[in-house]
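What follows is a structure written as structure tokens; I'll ask about it next.
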Amino acid sequence: MHEARRPNPLFRNLSAKIAAIPMILTALVVFAGGTIWTIIYSFTNSRLLPRENFVGLDQYERLWSSSKWIISIQNLLIYGVCLLVFSLVVGFLLAALLDQKIRFENTFRTIFLYPFALSFIVTGLVWQWILNPQFGVEGIVRSLGWTSFSFDPLYNADIVIYGILIAALWQSTGLIMCLMLAGLRGIDEDIWKAARVDGIPMWKTYAFIVIPMMRPVFITTLVIIASGIVKVYDLVVAQTGGGPGIASEVPAKYVYDAMFLSQNLGQGFAASTMMLLTVLIVLIPWAYLEFGGKKRG
Amino acid sequence: AELEVTHWWTSGGEAAAVAEFAKAFDASGHKWIDGAIAGSGGTARPIMISRITGGDPMGATQFNHGRQAEELVEAGLMRDLTDIAEEGKWREVVHPSSLLDSCTLDGKIYCVPVNIHSQQWLWLSNAAFEKAGVPVPTNWEEYAAAAPALEEAGIIPLAVGQQPWQTTLAFQVLLTAIAGPDAYTKIFGEKDADLAAGEELAKVFEAAAQARSMSAKSNVQDWNQATNMVITGQAAGQIMGDWAQGEFQVAGQVAGKDYTCLPGLGVNEVIMTGGDAFYFPVLDDEEKSAAQADLAKLMLSPEVQVAFNLKKGSLPVRGDVDLEAANDCMKKGLEILAQGNIIQSPDQLMSADSLTQINDLFVEFFNNTSITAEDAQKRFVDLVANAD
Amino acid sequence: MHMMDTSNTPSVAVRGVSLNFGAVEVLKSLDLEVGRGEFLVLLGPSGCGKSTLLNCIAGLLDVSAGQIFINDRNVTWDEPKDRGIGMVFQSYALYPQMTVEGNLSFGLKNARLPKDEIERRIARAAEILQIEPLLKRKPSALSGGQRQRVAIGRALVRDVDVFLFDEPLSNLDAKLRSELRVEIKRLHQKLENTMIYVTHDQIEAMTLADRIAVMRGGIIQQLDTPQAIYSRPVNRFVAGFIGSPGMNFIEGECVAGGSGTFEANGVKVPLDRYEFADGLRAGKAVFGVRPEHVVLGDGAEAMPFQSDLTVEIVEPMGSDSLVWGKFGGQNLSFRIDAERVVAKGDVVRIGFDPGRASIFDAGTDERI
Amino acid sequence: MHMMDTSNTPSVAVRGVSLNFGAVEVLKSLDLEVGRGEFLVLLGPSGCGKSTLLNCIAGLLDVSAGQIFINDRNVTWDEPKDRGIGMVFQSYALYPQMTVEGNLSFGLKNARLPKDEIERRIARAAEILQIEPLLKRKPSALSGGQRQRVAIGRALVRDVDVFLFDEPLSNLDAKLRSELRVEIKRLHQKLENTMIYVTHDQIEAMTLADRIAVMRGGIIQQLDTPQAIYSRPVNRFVAGFIGSPGMNFIEGECVAGGSGTFEANGVKVPLDRYEFADGLRAGKAVFGVRPEHVVLGDGAEAMPFQSDLTVEIVEPMGSDSLVWGKFGGQNLSFRIDAERVVAKGDVVRIGFDPGRASIFDAGTDERI
Amino acid sequence: MADVAIPVSAPAGHADQALAGPSGPRPRKVISRRNIILYGTLFVVAVYYLLPLYVMIVTSLKGMPEIRLGNIFSPPVEITFQPWVKAWAEACTGLNCEGLSRGFWNSVRITVPSVVLSIAIASVNGYALANWRFKGADVFFTILIFGAFIPYQVMLYPIVIMLREIGLYGGLYGLIIVHCIFGMPILTLLFRNYFTSLPEELFKAARVDGAGFWGIYFKIMLPMSLPIFVVAVILQVTGIWNDFLFGVVYTRPDYYPMTVQLNNIVNSVQGVKEYNVNMAATLLTGLVPLIVYFISGKLFVRGIAAGAVKG
Ligand SMILES: Nc1ncnc2c1ncn2[C@@H]1O[C@H](COP(=O)(O)OP(=O)(O)OP(=O)(O)O)[C@@H](O)[C@H]1O
Ligand SMILES: Nc1ncnc2c1ncn2[C@@H]1O[C@H](COP(=O)(O)OP(=O)(O)OP(=O)(O)O)[C@@H](O)[C@H]1O
Ligand SMILES: [Mg+2]
Ligand SMILES: [Mg+2]
């Protein structure tokens, strides 16, 4: 019997590889390529058009000495942490409530999820208006007689980021709730029964048994929320335009403004690079957890 | 030929003004394809730049004239209009001529200025001062002095919308008015850091600090909401461009009787000759190139200038046309223009990048009371020293 | 089988319990009493309501009608934790992020038991189930059998009188299944508490049960000792469900005359040794004989009924072999000793005692 | 056992096949030959690499090293469809959106067979498997047994020489399992093609196989006929894996002297009838005796070795009962006839023939 | 063994016991404390979620004078559909006074092919990743997921250059490609997880049956993937329909989507803000994704469960 030659591994499952070309191109050319391009040009003093005029770390020095950037970073931090915590907590609580075999589950779920279908521009606009001290909540409460009432997050530099948060939560918790609900539905019914027989109160069952079991859902959710946080832009533009002053600036807006308003591409690229760096720091451990060693069994 | 023209003039009056261009252009046998993008230059500009650098340029596009398009010109993406300009004797007709200077790079002309903005105005509510029992001020110092009385009467002395551009505008107006046009030109044009560190500017920053405290209680977003506060007497005054007049007119108020306008804050009556200009990207299509030339000529023709600026509410760039329909305040403006009390807009003097940094400083200063005037001035000096 | 205390009232009593899921009636006015220390197996095909009944007893489902008593106390409305029951699930239902010890102690901590009492109970359970070395591990680091042992431990530490098992061994492979079966049996002998055990594996049912309740469609079809159910099934369903390989069913006719004869495709079986429940009913009937009651060769000679049969398939199973052939035109299987060599195509003499067979009415499927 | 054609080259030959998943070596230079028409069972515990080996043969996994031949053709790098194999999966793997007919014809349509040929083959397969009435149904409307039958049909219509089964019956309940087992056996007798069958159920292995390959950790431990594996396992692992209940292991010592003695806790078993592979090795050893080789009462008297034993547990299984007791201080189980009544605590006399036992080295676990 | 049998019927002694104590289903008060808390919370939260929608609808039905009066929550005294008409057909963008209607068909022309193509590509990617794992696949996938975090603004420029180089800049195709690129990370993740959750044996069976890469994809995988497709469609319709930035940056005005008109209507800074028209325009623009979502909401949750939870 003869030995069969091992065929060139490149040509095995060729169709699969051909079919994956769009993905490979996107990953390599657009995402990796675009990122590298961005990083390279962050070391130039490109203005309106990209130019290979390298200036070392100048752009970064300027970036980190800009108070607008610092505020952007701070805002992103506050916004990110709050959004992460609140949307997870609220999303989970809603999902847990909906999971109680309640009536009208579909109706409630629809209500919680519909904002997700609207764009951030729309969301920002509506909430800008509801939070407007003249027409909105503050105005209404005052007109009801409580004249000292004050609720104008969008006009108060100290809390403006929370005003944006309110709108962001409104828009995104529905999806989180859906994810959580799906996760809850995936939990073995017997676990609940076992906990009941053991006499464990509901909240403890959630806290010590169910939530730890939902780790994969939380990871997916985290990825989705986090990717949204980094990219937050439209909402801020629609709601406050970065104001009052520069109190609600965010990095994505900084990048955009630097590139197109002040026409300093190099500065925009430097800011982008810093953002990408942060993303990498967050993402690499995740990728490691997802793919590192553990293969599908 | 069909020519696509992009711009960000989308509000009612602006659109009507653009329509005058379109009408005249269509009448010349071409076709105007309108590519309006609302928002501000901030939204529209990246789109226009992308289009041009992406290799799919429009036929003509609006830019604030100044240095915004400089690199596009340098990259050879913009059409050289020198021939047309010489043929139309633009150098002679365009007034003030500085407008054309900002369209010029290395002696070649690349854009067509179409109007003049004037933004150095202080609008005051007569009723508010009456209520506070103080005479209507005639200059900034009087105004600032009246602030305590106004506050006592429950009136917000100065209304400022919180969008960054409004703060920036107020600051620039204060600077030109208090430090004077020469200092302004030196600092922005020649980047004179010594001057920026001097006495004159210290006064400007003090005035800005005053304005900051005068406007502490105004919390509106849009400029027209701020104007509305002046109209209703909730606030005593607003620093805003000439377009604010439209609001007073809509509310049925009469200049001099119900409201007062002080160009240059009543201190230095100057007008900043910023404005809009059109650029023409280089096109391969000969027919379209011809249409571009026609459009460029057309935009500066006296008839179109008049029709356009009447609708737009701005001043024409030709000194040889006459605007009869202008109102009182506008006439004041024309007078100043005629006297030649003009300054160039910062766009024309400084790169967008440096300008944004300075504007950011103003915005931050205005919104953060913990920054003292001295601190702000120090930072301002740094920025000016490093500006280009 | 071990002794239980029958002098007392039943340990678990289910009286007239019905349960509906919407329009579907899953349990139909069901009655059941389980004696103290008894090992009762609920046996039946999938979907017959075994788990539902068990969940009702545990208090995990609200009955639609009827009452449930545990140790003489009406617990119909009590919370599961107050019923004095422990439950073991098919999927183990261990809390995955807690150690074995955590799994065992979680319920006790919630009941605010003193610490040393908790430790004592865990130590005892761990000893009984021989899981001491596993106490610090997480369930994911355990094998299936070990997991199920921990699940049993969780019921054990609750120190209750009644254990409920819902197919505890179904997820294990055959080998582990038979091992753990013996362990559960041992556990029962040691603890002497009441156990109600759901399965659809009839081997488990036979080996473990003091009594078996065969269920079908929410109704208990027969409740009796394993031997009684094995040898005198009340209907064809029960007969077919118990025994592996299943009882051989030969369709034919009961013919009156003498003490009766069963006829199928020319084969005639005299029924003089058969005990009829209430007399012979002539007509279409199904004759059932268990594979292990059919004997071959020498043994066959001694049997009241004999016949020839052509071998079609031989399945050696190690200890013995299963032989398949046609009898009255229908499949018949029987066991032979592994030593005896029989090959496909051989014609062999078989025999059985009709007195050990069962005859069912072809219409009602009831035992005649 | 039916006849196989051994004169020819093997139907399937696996030569030196290794397979790694990352750093884990799942198959370790494995060799295996399957004769034409042979029914080979791969038996082993979970995770030992049975499915992996089967997938390599089917071409669903690329081997890391080695060659695979089917009907004398080197198919190591061929596509699965070109290897002349049909495969049946544990989870049935029916295409849920196609009817049964669609499921059967999918492969044939892919091979661009003419329409009437497809119809002919489906009709034949449907007839053999008796699934004609199901042809228009979707898999979701079938019972587990019917699904598995369709899955087999899908292999059948491919008209191939080699059938690969990956635990086809594991998802079925005990009853269906034994029924389908017989059907697969019948099918094999009818088609006379090569079958490689993966299972971890040793009953299936014993009843179906011409030869059994017992695997462990990616290595074939023993490859032989069921009877040989049953009665002369090469090591303790194989011995324990085959047989249900498993072989009884008594740990003790082999003592030289005469033809040797095995001693455990005072019990002495003379080994004069035991056939040593290569002579008695004195030292720690494990004595293994199958439950069915231990006899009770009268039979015991006839046995070369006898002893007394106290009954601990009796498991009635219908046809017979399993009795557990202590022997040499260790657990010993054996089967008794169901008729014989034995109760817990009884002291009974048992006997067995040491010649049928197995002795393993306590260190290497190899048969001595 | 017979002595252990206990009669099935209840002995007489238990007759009275059977009467005593609770029987039948546990009575559950409809207005229990649990229910009050449960439904109360849900109701309050529902109000929070519905409020903006209510404000939008109410405002869009009011005239401007009524809006100036102040209360955004009060229902319209006089219902007028004029804002809707204006938003749809009359609002001006520069010289075009056709309202949103001008962009509607553009949006359709952009959304439909983009959704179809992006889902087609992503599902094939997910399928290739889940079932045909080839060397390096995980690396590409990781980069792809990384791409989900890149702010769009960062990629604006490089993509302009890339599109210019391949000559697709400014047309519809370029825009469709851009939508495919930015939809790819999340969609691929969803599809990959979903296909991974399908039994692998199905895939193996199909390979034995001689189906190739595409055969398995079209005949086996696709028919089983309805829930995840619904999720993908909703995500993409929502995302692409609502997109403003790409639509305007990568195409010509002839292709500008509805959102550009919305932006124009909403963002005309100078002059009085016509809130009622803004709200009507906002609602009109959001209508398509809302409808898609309402129609398939139930499948959405199912699909999410299948595609997001595992993996
Ligand atoms: N929550 C439920 N809602 C509706 N029907 C249900 C529910 N739970 C069970 N059923 C139905 O009740 C019947 C009995 O279910 P049960 O789980 O008690 O069966 P089982 O005998 O335990 O079966 P198995 O052996 O498969 O576990 C089934 O027909 C099932 O479909
Ligand atoms: N795709 C894979 N990646 C990594 N390891 C794998 C993969 N598939 C199988 N394995 C490992 O290979 C070993 C053998 O697996 P295989 O499925 O062949 O076992 P098996 O004998 O069929 O077990 P079972 O009886 O449970 O089906 C196992 O340890 C398993 O964890
Ligand atoms: Mg059940
Ligand atoms: Mg396997």
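In what follows, every chain begins at residue 1, and chains take the letters A, B, ... in the order their sequences are listed.
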R149(D) (side chain) donor-acceptor with A126(D) (main chain) under 3.5 angstrom: no
Shorter than 4.5 Å, heavy atoms on both sides: which option in A155(D), S91(D), G59(D) has the most such pairs with chain E? S91(D)
Please name all residues satisfying ring pair (Phe, Tyr, Trp, His ring centres under 6.0 Å) with F182(E), sequence neighbours left out, ordered by chain then number.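 Listed in chain order: Y152(E), F246(E).
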Could you list the residues that satisfy ring pair (Phe, Tyr, Trp, His ring centres under 6.0 Å) with F106(D), not counting sequence neighbours?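 Once residues adjacent in sequence are excluded, the partners of F106(D) under the ring pair (Phe, Tyr, Trp, His ring centres under 6.0 Å) criterion are Y95(D).
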L94(D) versus chain E, the contacting section by heavy-atom distance below 4.5 Å: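 For L94(D), the backbone is the part near chain E, not the side chain.
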Heavy-atom proximity to chain E below 4.5 Å, by part of N55(D): side chain
Evaluate S123(E) against Y217(E) for side chain to side chain contact (heavy atoms under 4.5 Å, CB included), listing each step before the verdict. CA-CA 9 Å; S123(E) 63; Y217(E) 174 71; 2.4 Å; yes
